[in-house]
Amino acid sequence: MTDLGVNLTVNAQVNYSVGDYEISLNDDYNKNYLILCENASYVITPRQIEIDINNIIATYGDNMQNLTFSLSDGYTLASCDDLDALNIVLSTGAETNRNVGEYDIYLNEYSNENYTITSNVATYLIQPKSILIEINDVSSNYGDQLSALTFSLNENSTLAYNDTSADLNINLTTNATSTSDVVETGYEIVMSGYNNSNYNIDYVPGVYTILPRYILIEIDNKTAIYHDEHNLLDVEWRILPGYAIVEGDDLNISLSIDLTQNSGVGNYPINYLCNNGNYDVEAINGRYIIQPKQIEIIIENQSGIYGDTIMLDHNLYEINGDDLASKENLNVTLSVNATQTSNIGDYTISGVCNNINYDANFVNGVYSIEKRKITIDLLDQNVKRFFEYEINQNDYEVVEGSIVNGDNLNIVISSSANWYSNIGSEFELTATFSNENYDVEFIGGVVTIQISTTDIFIIIVAVGLFILLIIRIVLRIRLKILRRKGFTDSFNQLKGK
């Protein structure tokens with residue numbers, strides 16, 4: 001064939017988009033010919049590709065992951081394109097419903113007409129979020145309604161989104177009841193289930209403790225007498241208002257005292273023990289009071305000598321009809337309302353029992369102060385007669401015994417002599433006294449009558465009178481003589497003298 005020089009062109013090139021492009025005759029054909037050309041089209045059709053959508057595994061509460069894909073094996077893109085040029089939009093139900101489950105990831109749309117894209121359906125898997133809860137320890141008193149069972153999230157666990165603990169719908173259980181016994185280990189609190197598929201929940205068990213129920217009781221006091229046999233058989237107790245035990249229960253209270261028959265007077269606590277471990281019992285009052293034993297003590301009589309120090313024998317008493325008390329030290333102290341200077345007579349001896357275990361009633365004794373015996377020697381005396389006649393009342397000495405307390409015995413010494421007794425005569429001395437506190441024995445002396453000044457004066461006077469009498473007689477004789485001689489004048493003169 002003749003070379004017509006025909007060249008065809010199309011206004012499309014590699015990487016042109018899908019569409020119809022005109023095929024036309026170039027003007028450089030052989031002009032020797034009139035060539036008529038019927039137009040034709042060059043059609044670029046979409047490129048068939050397949051993509052593989054990637055599966056995703058996520059945990060409830062995680063941020064939404066990007067949906068990704070890749071070209072399936074055996075498919076390529078135009079050299080000018082990359083995956084972004086496909087403008088593929090992937091969608092999944094996990095975007096609107098974030099709960100645990102499997103959601104399809106599918107090709108929602110793409111905006112590149114140059115391709116016909118097909119894809120698989122992938123899976124967006126949301127798995128439960130693992131959390132740990134710690135069940136709180138709780139307690140309640142025996143017999144009371146059980147407390148609410150609660151839990152807390154472990155410090156390393158969090159909830160997703162705006163979820164709350166209530167949304168977990170956790171069910172906690174325990175085998176404790178309001179009347180379960182008080183035990184040291186308590187009762188386990190466990191999670192029996194939960195209703196929220198978005199979480200895998202593990203737990204740390206809690207402990208439910210049943211605490212002893214507090215009860216306040218009142219124990220009656222009891223009194224007893226020292227040395228009685230002690231027992232608590234008649235001691236009663238009662239639960240105070242405002243406190244109650246569980247119906248059908250018994251506190252099993254036992255009472256005791258730490259006493260023996262020799263325990264002394266005092267106020268002792270009554271011990272109590274609750275033999276029911278479900279109760280915490282406290283008691284008020286409850287005192288065991290030992291009172292003194294009443295006894296009668298008869299004080300024996302005692303005596304002493306006037307002026308001596310009073311020395312009471314504190315053991316001179318007897319206990320009336322109580323052999324037991326007589327075997328103990330009663331610490332009896334006796335006293336008397338008399339002193340060393342008290343007069344003779346009977347004085348009351350009273351007593352005090354210094355042993356607090358006894359209430360002693362004393363029958364008083366008598367302390368007799370007896371007369372003090374002394375012996376007094378009346379010394380011999382020489383006394384003068386007449387106006388000088390006086391017996392010395394202090395001329396004596398105590399030869400046996402003593403005068404005490406500065407006493408005055410009011411001793412009066414006398415004899416049968418008198419003021420005109422003959423000189424040289426002797427008379428026995430006697431004495432009396434007036435002090436009831438003494439019994440005095442006198443040893444008699446003698447009093448000798450001696451010449452007195454009066455006697456000498458009388459003698460002198462008598463001698464003078466005698467001399468005067470002699471003179472008078474002599475004068476009378478001379479007078480008679482003178483008369484006889486006639487000397488009358490001389491006589492008168494002499495008479496006048």
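Using a 4.0 Å cut-off between a side-chain N of Lys or Arg and a carboxylate O of Asp or Glu, Lys293 and Asp359 do not qualify as a salt bridge. The residues Asp407 and Arg372 are annotated as not salt-bridged, no charged nitrogen and carboxylate oxygen being separated by less than 4.0 angstrom.
Between Ile170 and Ile201 the shortest side-chain heavy-atom distance falls below 4.5 Å. Using a 4.5 Å cut-off on side-chain heavy atoms (C-beta onward), Leu240 and Ile284 make contact. The shortest side-chain heavy-atom distance between Tyr226 and Pro292 does not fall under the 4.5 Å cut-off. The shortest side-chain heavy-atom distance between Glu236 and Asp234 does not fall under the 4.5 Å cut-off. Taking the side chain as every heavy atom from C-beta outward, Ile210 and Val183 never approach each other to under 4.5 Å. Side-chain contact between Ile219 and Ile217: present, with at least one pair of heavy atoms (C-beta onward) separated by less than 4.5 Å. Residues Val190 and Tyr203 have side chains in contact (heavy-atom distance under 4.5 Å, counting atoms from C-beta outward).
Counting only distance, with no hydrogens or angles, the side chain of Tyr142 and the backbone of Asp280 share no donor-acceptor pair below 3.5 Å. A side-chain donor-acceptor contact under 3.5 Å links Asn418 to the backbone of Ser421. Checked by atom type and distance alone, the side chain of Asp62 pairs as donor or acceptor with a backbone atom of Thr59 at under 3.5 Å.
We find the OH-CG distance between Tyr279 and Asn252 to be 10.5 Å, quoted to the nearest 0.5 Å.
Ring planes of Tyr60 and Tyr199: perpendicular class, angle over 60° (limits at 30 and 60°).
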